[in-house]
Amino acid sequence: MKAIIPVAGVGTRLRPHTFSQPKVLLNVAGKPIIGHIMDKLTASGIDEAIVIVGYLGDMIESYLREQYDIRFTFVNQQRRLGLAHAIWMCKEHVADNEPVFIILGDTIFDVELSGILSSPTSTIGVREVDDPSRFGIAITSNSNVVRLVEKPNEPVGNLAIVGLYYIKNSSPLFSCIDRLISENIKTKGEYQLTDALQMMLEQGESLTTFPVNNWYDCGKPETLLSTNEILLKHHSSGSSLPGCIINEPVFVAKSAKINNAIIGPNTTIGENAIIEDAIIKNSIIGNDSKVQHVSLDKSIIGNNADLSGAPHEANIGDFSEIKLR
Ligand code: UTP
């Protein structure tokens, strides 16, 4: 089974981290975002992937080729005209009506895929959300999709499309995207996959939904940190570092050097990081970074960064009240 993985985006909401790294290579719970996705895909029998790259695509290609032994095709989307356009760029690499599984490269999920990849019809992952105006929304009747609306202005439902699409017959999808592009049909300025799927429905194709309750957003700093926390819950580092206190759950890379520190909970420490005289909780520290003499909470420190504070010196009399911030 072939997966199509669009990762051409710039990741503006995760700046400054995405100035030098593509979003999908950011470390969460000890592994790049796309590593979590690829592990799940390969475990479910996906043996070939078409990856749509653009912004910092060479870094993504090197990582994937180095880490995963499946057949890859990389397609360069120079102008990011929307998700439907990204999928359309893969057309020549997909055989007539070949089934494909499309997954956004920044969507970490925990769903049993085997039943989905053998579904008799096309089927898309959905979950209820509080803020439907940010998503493509599916209107369903008994899990059958009746209508799809991209980022609705009016309330139409709260079942959001979360970025997993099994397309049983890919030819009708590609011809609907052809039509979107030739007739220049855009929503919010982009060629939307939701609009192409809605066209497929109108042509009589069946589309069902499957629930994705465990879906972890990585698009913004606060969601990257909450995903780090959730994924670490299933992880026990078993670390014991002399002179340090470890509050599980944490991920500490074996090559990290940690001295006189309190680490955790919910903290990832990258490869070759150096941590000294520090307290770090609910945070992600990148590879090859140095953190000294600071107390950090809810922080993301990139790779090769250097953050240092200084111990305070105080000469404070009885009954004084001082707050150091
Ligand atoms: P997003 O819009 O959520 O990701 O697209 P982004 O553009 O990287 O992030 P922001 O909005 O600037 O912060 C969802 C997924 O679809 C891919 C993106 O790379 C991301 O994995 N995508 C989107 C493409 O590959 N091409 C497109 O034209 C649009």
Side-chain angles (χ1 to χ4, degrees), residues 3-28 32-38 40-41 49-61 63-64 72-91 93-94 100-109 124-127 129 131-137 148 150-151 160-165 167 173-174 177-178 180-181 184-197 212 215-227 300 302:
I4 296 182
I5 313 174
V7 291
V10 174
T12 44
R13 288 166 299 161
L14 271 165
R15 286 176 179 163
H17 304 285
T18 48
F19 280 133
S20 47
Q21 273 200 92
K23 170 164 67 176
V24 299
L25 290 189
L26 297 182
N27 188 333
V28 56
I33 294 168
I34 200 165
H36 291 276
I37 297 166
M38 288 303 299
K40 194 83 189 154
L41 293 181
I50 306 173
V51 187
I52 301 116
V53 290
Y55 179 70
L56 301 177
D58 291 352
M59 292 170 80
I60 301 174
E61 180 168 349
Y63 171 79
L64 289 175
F72 283 109
T73 304
F74 290 86
V75 174
N76 194 4
Q77 186 193 23
Q78 278 169 345
R79 295 171 64 215
R80 281 174 290 281
L81 301 177
L83 198 50
H85 177 259
I87 305 303
W88 182 74
M89 300 216 46
C90 305
K91 198 171 154 183
H93 303 287
V94 179
V100 290
F101 183 62
I102 301 170
I103 170 139
L104 305 190
D106 56 355
T107 301
I108 301 183
F109 62 95
I124 58 175
V126 291
R127 80 171 258 177
V129 293
D131 48 350
S133 61
R134 282 182 45 218
F135 295 88
I137 296 296
L148 297 168
E150 181 62 29
K151 300 192 180 71
I161 306 169
V162 294
L164 293 89
Y165 313 76
I167 306 295
L173 175 64
F174 285 118
I177 305 179
D178 273 342
L180 281 187
I181 294 173
N184 200 25
I185 302 170
K186 292 182 178 172
T187 302
K188 311 259 172 194
E190 292 191 358
Y191 296 116
Q192 303 283 358
L193 185 55
T194 310
D195 293 340
L197 293 170
V212 183
W215 165 72
Y216 310 121
D217 185 22
C218 295
K220 299 182 282 182
E222 58 275 25
T223 58
L224 192 70
L225 287 173
S226 60
T227 295
I300 304 174

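Residue indices begin at 1 and follow the sequence shown. Worth knowing before you read on, the calculation uses all heavy atoms, side chains too, and leaves out hydrogens, waters and symmetry mates. In listed order, ligands and their atoms are each counted from 1.
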**OP:** Examine Ile52 against ligand 1 and note whether any of their N/O atoms are separated by less than 3.5 Å.
**Re:** no

**OP:** Among all protein heavy atoms, pick out the one at the shortest distance from atom 18 (C) of ligand 1; state its residue, atom name and that distance to 0.1 Å.
**Re:** Gly9 N, 3.6 Å

**OP:** Return each pair, listed once, that meets side-chain hydrogen bond (donor to acceptor under 3.5 Å, both in side chains) where at least one residue sits in residues 184-196; pairs must be two or more places apart or across chains.
**Re:** Glu150-Thr194, Asn153-Lys188, Asn184-Tyr191, Thr187-Asp195

**OP:** State the atoms of ligand 1, each with its element, that fall below the 4.0 Å cut-off from a heavy-atom position in Arg80.
**Re:** 28 (O)

Original post:
Hey, which atoms in ligand 1 end up nearer than 4.0 Å to a heavy atom of Val10?
Top reply: 7 (O), 8 (O)

**OP:** Find all atoms of ligand 1 within a distance of less than 4.0 Å from any non-hydrogen atom belonging to Ala86, and give their numbers and elements.
**Re:** 26 (N)

Original post:
With sequence neighbours left out, which residue pairs that include part of residues 6-21 fulfil the side-chain hydrogen bond (donor to acceptor under 3.5 Å, both in side chains) condition?
Top reply: none

**OP:** With rounding to the nearest 0.5 Å, note down the distance linking CD1 in Ile37 to CG in Asp106.
**Re:** 6.5 Å

Subject >> From the candidates Gly105, Gly163, Gly82, the one that places a heavy atom nearest atom 29 (C) of ligand 1 >> reply: Gly82

Original post:
Judging by distance only, is a nitrogen or oxygen of Glu190 under 3.5 angstrom from one on ligand 1?
Top reply: no

Original post:
Quick one: nearest non-hydrogen protein atom to atom 2 (O) of ligand 1, plus distance?
Top reply: Arg13 NH2, 4.5 Å

Subject >> Non-hydrogen side-chain atoms of Leu56 and Leu25 separated by less than 4.5 Å >> reply: no

Subject >> Closest heavy-atom pair and its distance - Val212, Phe109 >> reply: CG1-CB, 4.3 Å

Subject >> Ile5 side chain near Met38 side chain, heavy-atom distance below 4.5 Å >> reply: yes

Subject >> Structural part of Leu81 in contact with ligand 1, heavy atom criterion under 4.0 angstrom >> reply: backbone

**OP:** Would you indicate whether Trp88, at its atom CH2, is surrounded by more than 12 heavy atoms from other residues, nucleotides or ligands within a distance under 6.0 Å?
**Re:** no

Original post:
Out of Ile181, Leu180, Ile52, Ile177, which one pairs with His85 under the side-chain contact (heavy atoms from CB on, under 4.5 Å) rule?
Top reply: Ile181

Original post:
Tell me, do Leu83 and Leu104 make a side-chain contact under 4.5 Å, heavy atoms counted?
Top reply: yes

Subject >> Closest approach of any protein heavy atom to atom 26 (N) of ligand 1, naming residue and atom >> reply: Gln77 OE1, 2.7 Å

**OP:** Look only at interatomic distance and state if Gly11 has a nitrogen or oxygen under 3.5 Å from any nitrogen or oxygen of ligand 1.
**Re:** yes

**OP:** Specify the protein heavy atom at minimum distance from atom 12 (O) of ligand 1: its residue, its atom name, and the distance to 0.1 Å.
**Re:** Thr12 OG1, 2.6 Å

Original post:
Measuring to protein heavy atoms, does anything land under 4.0 Å from atom 5 (O) of ligand 1?
Top reply: no

**OP:** Answer with yes or no whether Lys23 contacts ligand 1, where contact means a heavy atom under 4.0 Å from a ligand atom.
**Re:** yes

Original post:
So which protein heavy atom does atom 21 (O) of ligand 1 come closest to, and at what separation?
Top reply: Pro6 O, 3.0 Å

Original post:
Any N/O of Leu14 closer than 3.5 Å to an N/O of ligand 1?
Top reply: no

Original post:
Looking at side-chain heavy atoms only, is the closest gap between Leu14 and Pro221 below 4.5 Å?
Top reply: yes

Subject >> Close side-chain approach of Thr223 to Tyr216, heavy-atom, < 4.5 Å >> reply: no

Original post:
Would you say the side chain of Tyr55 lies within less than 4.5 Å of the side chain of Val7, judging by non-hydrogen atoms?
Top reply: no

**OP:** May I ask you to check if ligand 1 and Ala8 share an N or O to N or O distance below 3.5 Å?
**Re:** yes

Subject >> Top protein contact for atom 20 (C) of ligand 1, by heavy-atom distance >> reply: Asp106 OD2, 3.8 Å

Original post:
Which residue supplies the protein heavy atom nearest to atom 16 (O) of ligand 1, what is that atom called, and how far is it?
Top reply: Leu83 CD1, 3.7 Å

